[in-house]
Amino acid sequence: MVWPCPLPVDAYIAAGRRLEFPRPDCPLCAGPMTLWSGHRRHVRAAGRCRKIFVPRLRCGLCGVSHVLLPAFVLAWRLDTAETVGAVIAEVAGGGCGVRPAAARVGVPHTTARGWVRRFRVRAGELGAGFAALAVELGGTAVSPAGGVCGFALAGIEAAFGAAASLPGWLAVGVWRFASAVSGGRLVAANTTSPFLVVGRRRFMPPVPP
Ligand SMILES: [Zn+2]
């Protein structure tokens, strides 16, 4: 699970375990969840590798536990959602090639190429998911006419534009928003996992900082 954390990475790290983590209902049975344990993982932000605490919540009804990632990370990726998103927006949006985009955010171009490749593979699915979410939130309808990558990017923009009129989302930013509503799977290799956009149950509201 991914929560729409609006905090800068530094502030998240500084708060550590004392952070007021949200307690969403269990995604399987809607039961109440409590903080159970957690682990540390790496995240690379602004060219620096850092360690963050990631809590694990456990459902009091079904007993299943879920990792609660902050939206500035993506599942199984070292770099922040903002870094990955900046590269995807530039390259998949047709603005430039992978190498200059990778150099600008300080990641190996092979890593950046992997993100763009995954995004292209999933672009149709992402476009449909985010376009549907945009409409669900009362935003503008997006047409798939401009090619799948353009469709996916336009869908993300439209959905975020609509969400930004709801409390809290503007401060979260577009790529954390995209991470949050896709369950961190924006560029995940595992395409068999369901895309978590549509359905308000998955649409966890942001917590004010
Ligand atoms: Zn449960």
Side-chain angles (χ1 to χ4, degrees), residues 1-6 22 24-25 27 66-77 79-96 98 101 105 111-207:
M1 307 180 78
V2 180
W3 69 281
C5 170
D25 291 338
H66 301 270
V67 166
L68 188 67
L69 290 172
F72 59 79
V73 303
L74 295 172
W76 311 295
R77 301 283 172 174
D79 293 284
T80 62
E82 284 94 341
T83 301
V84 175
V87 168
I88 286 172
E90 277 201 289
V91 181
C96 72
V98 170
V105 295
T111 304
R113 183 180 297 142
W115 302 336
V116 174
R117 193 174 288 152
R118 289 309 319 165
F119 186 78
R120 288 209 168 107
V121 167
R122 303 200 65 195
E125 177 195 1
L126 290 167
F130 278 101
L133 181 63
V135 170
E136 190 184 343
L137 295 174
T140 46
V142 179
S143 152
V148 284
C149 280
F151 178 43
L153 290 170
I156 290 168
E157 281 294 331
F160 178 66
S165 65
L166 303 171
W169 281 105
L170 192 60
V172 171
V174 62
W175 291 106
R176 290 190 189 197
F177 162 80
S179 170
V181 299
S182 65
R185 289 170 165 80
L186 199 63
V187 289
N190 180 7
T191 55
T192 59
S193 61
F195 189 65
L196 302 178
V197 158
V198 183
R200 289 181 184 278
R201 193 165 63 89
R202 302 285 193 185
F203 197 64
M204 200 189 301
V207 180

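As the structure is a prediction and not an experimental result, all values here were calculated from the model.
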task = Please assess D79 against W115 for the test side-chain contact (heavy atoms from CB on, under 4.5 Å), listing each intermediate value before the final yes or no.
result = CA-CA 10 Å; D79 293 284; W115 302 336; 3.3 Å; yes
side-chain contact (heavy atoms from CB on, under 4.5 Å) assessment of I156 paired with L126 = CA-CA 8 Å; I156 290 168; L126 290 167; 5.6 Å; no
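Using cut-offs of 30° and 60° on the angle between ring planes, the pair F160 and F177 is tilted.
For the pair C5/R176, a side-chain contact is recorded, criterion being any heavy-atom separation below 4.5 Å from C-beta on. Taking the side chain as every heavy atom from C-beta outward, L74 and S179 approach each other to under 4.5 Å. The closest side-chain heavy-atom distance from V142 to F130 is not below 4.5 Å. Annotation: side chain of L186 is in contact with side chain of W175 (closest heavy-atom distance under 4.5 Å).
Atoms CZ and CZ, from R118 and R77 in turn, are 7.5 Å apart once rounded to the nearest 0.5 Å.
Closest approach of A86 and V105 over heavy atoms only: CB-CG1, 4.3 Å. What you find for R120 and C149 is that their closest heavy atoms are CG-SG, 3.6 Å. Contact between A101 and V87 at its shortest, heavy atoms only, is O-CG2, 3.9 Å. Scanning both residues, A159 and L133, for their nearest heavy atoms gives CB-CD2, 4.2 Å. Here the closest heavy-atom approach between residue A163 and residue W169 is recorded as O-CB, 3.3 Å. Of all non-hydrogen atoms in V2 and A71, the two that sit nearest each other are CG1-CA, 3.5 Å.
Not a single donor-acceptor pair under 3.5 Å links the side chain of T140 to the backbone N or O of A134. Counting only distance, with no hydrogens or angles, the side chain of R122 and the backbone of V187 share no donor-acceptor pair below 3.5 Å.
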